[in-house]
Amino acid sequence: MPEVFANVAWLTIPDVAEILDLPLGKVHRLIEDHFLVETRIDGVRKVPADAIQDGEPLASLRGTLFVLFDAGFSTDEALEWLYTEEESLGTTPMAALVSGKKAPVRRAAQALL
């Protein structure tokens, strides 16, 4: 697991289903449709806890993921970028998204194209 994930809180898929009050199948669909992002940690599929805010998937995450995918990032690379300090933001892109700074995060992501 990359070092940038050392301080990330992770949720299992069943945890996400419980928090969102959704069946597992709908959580898998949210992942497939990039409303949520997952990775395997020790063989277990997990979602960063930051990706859920106020009982809902973080609204600004999906578009940001699409920008990263358009730049050629894999899901794991996108997750690593989201949790790596970005100088232009003064924080990690995920922290900036959580604090409502979608536009600066998208600009930083588009600069990767």
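A pairwise comparison of heavy atoms in V105 and A96 identifies CG2-CB, 3.4 Å as the closest pair. Shown here for M94 and P48, the closest heavy-atom pair between the two residues is CE-CG, 4.5 Å.
Rounding to the nearest 0.5 Å gives a distance of 6.5 Å between NE2 of H34 and OG1 of T75. Between W10 atom CH2 and R45 atom CZ the span is 13.0 Å, to the nearest 0.5 Å. Between K26 atom NZ and D21 atom CG the span is 11.0 Å, to the nearest 0.5 Å. Here the CD1 atom belonging to I52 is positioned 5.0 Å from the CD1 atom belonging to I19, to the nearest 0.5 angstrom. The distance from the CG atom of D50 to the OH atom of Y83 is 3.5 Å, given to the nearest 0.5 Å. Between atom NZ of residue K46 and atom CG of residue D15 there is a gap of 8.5 Å, rounded to the nearest 0.5 Å.
Chaining together hydrophobic side chains whose heavy atoms lie under 4.5 Å apart leaves V44 on its own.
Put simply, the side chain of I13 does not reach to within 4.5 Å of the side chain of L36, judged on heavy atoms.
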Enumerate donor-acceptor pairs with a distance under 3.5 Å from any side-chain N or O in residues 54-67 to protein atoms, sequence neighbours excluded.
from: R62; atom 1: NE; to: D33; atom 2: O; distance (Å): 2.7
from: R62; atom 1: NH2; to: D33; atom 2: O; distance (Å): 3.3
from: T64; atom 1: OG1; to: S60; atom 2: O; distance (Å): 2.9
from: T64; atom 1: OG1; to: R106; atom 2: NE; distance (Å): 2.9

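Follow the hydrophobic side-chain contacts under 4.5 Å out from V37 and you never reach V47; the two are in separate clusters. V16 and I41 sit in two unconnected hydrophobic clusters of ILVMFWY residues. Membership requires side-chain heavy atoms under 4.5 Å apart, directly or through other members. The hydrophobic cluster containing I31 does not contain F69, counting ILVMFWY residues as joined when their side-chain heavy atoms lie under 4.5 angstrom apart, directly or transitively. Hydrophobic cluster membership differs between F35 and V98, with clusters built from Ile, Leu, Val, Met, Phe, Trp and Tyr side chains linked at under 4.5 angstrom.
With hydrogens and angles ignored, the 3.5 Å screen pairs no side-chain donor or acceptor of E80 with any backbone N or O of E77.
Pairs of residues two or more places apart, or lying in two chains, that qualify as side chain to side chain donor-acceptor pair (under 3.5 Å) and include a residue from residues 86-103 are E86-S88.
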